[in-house]
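First up is the structure itself, then whatever we jot down about it.
These numbers come from a predicted model, not from an experiment.
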Amino acid sequence: MDNQNTVSSKTYIFVFIGLVVLTLISSGLSSLNLGYLNPLIAIGLAVISAGVVLNKFMNIKLDGSFARLLIAGVLVLALLIFFVGFVG
C-alpha cells in the first residue's frame with residue numbers, strides 16, 4: 001500500500017474550520033462599507049479559499065505541471081476580467 005498520499009481526518013477538520021472562518025470573515029466584511037476595498041477583499045478571500053480547496057481536497061500538487069499551468073491561466077484570466085470590469 002502507498003500511504004504517502006493519504007491525508008488524516010485531523011487535516012480535513014482544520015481545513016473545514018479554516019474555510020468556515022474565511023466564510024464568516026467574508027460575510028462579516030460584506031456588511032461594512034469599505035468603499036472600493038469591498039470587492040478586493042472579497043476576491044482575495046475567495047482566492048485564498050479556492051487555493052485551500054485546490055491544495056487540500058483536489059491534491060493539485062500531485063497532478064503535475066499542466067494542471068498548475070491551467071490554474072494559473074484561469075487566475076490570470078480572472079484578474080484581467082476583474083481589472084477591465086472595475087478599473088476600466
Side-chain angles (χ1 to χ4, degrees):
M1 281 280 151
D2 187 18
N3 290 334
Q4 69 182 7
N5 294 335
T6 59
V7 180
S8 69
S9 61
K10 191 182 287 189
T11 302
Y12 284 127
I13 291 171
F14 284 134
V15 168
F16 174 73
I17 291 170
L19 290 173
V20 168
V21 168
L22 285 172
T23 302
L24 291 175
I25 291 171
S26 178
S27 63
L29 287 177
S30 68
S31 65
L32 297 176
N33 186 8
L34 300 175
Y36 68 92
L37 290 177
N38 274 351
L40 293 176
I41 293 172
I43 289 174
L45 289 172
V47 166
I48 292 170
S49 297
V52 168
V53 169
L54 283 171
N55 197 14
K56 292 297 178 186
F57 291 127
M58 298 176 73
N59 290 329
I60 200 67
K61 62 184 174 187
L62 302 175
D63 281 345
S65 61
F66 179 72
R68 291 181 190 148
L69 182 65
L70 184 65
I71 290 172
V74 168
L75 287 176
V76 167
L77 180 65
L79 284 173
L80 286 173
I81 291 171
F82 173 75
F83 282 121
V84 167
F86 284 108
V87 177

Open item on the list: I need the minimum non-hydrogen distance between N38 and L29, along with the two atoms involved.
Closed with: OD1-O, 3.8 Å
Open item on the list: Tell me every residue that passes side-chain contact (heavy atoms from CB on, under 4.5 Å) with L79, counting only those two or more places apart in sequence or in another chain.
Closed with: F83
Open item on the list: Would a single hydrophobic cluster contain both I43 and V74, if residues Ile, Leu, Val, Met, Phe, Trp and Tyr are joined by side-chain heavy-atom contacts under 4.5 Å?
Closed with: no
Open item on the list: Can you list everything that forms a side-chain hydrogen bond (donor to acceptor under 3.5 Å, both in side chains) with T11? Sequence neighbours excluded, please.
Closed with: S8
- [ ] Check the hydrophobic clustering (I, L, V, M, F, W, Y; side-chain heavy atoms under 4.5 Å; chains of links allowed) and say if L32 and L40 are grouped together.
- [x] yes
Throw together a table of side-chain donor-acceptor distances under 3.5 angstrom for residues 12-27, partners on residues two or more places apart or in other chains.
| from | atom 1 | to | atom 2 | distance (Å) |
| --- | --- | --- | --- | --- |
| T23 | OG1 | L19 | O | 2.8 |
| S27 | OG | T23 | O | 3.2 |
| S27 | OG | L24 | O | 3.1 |

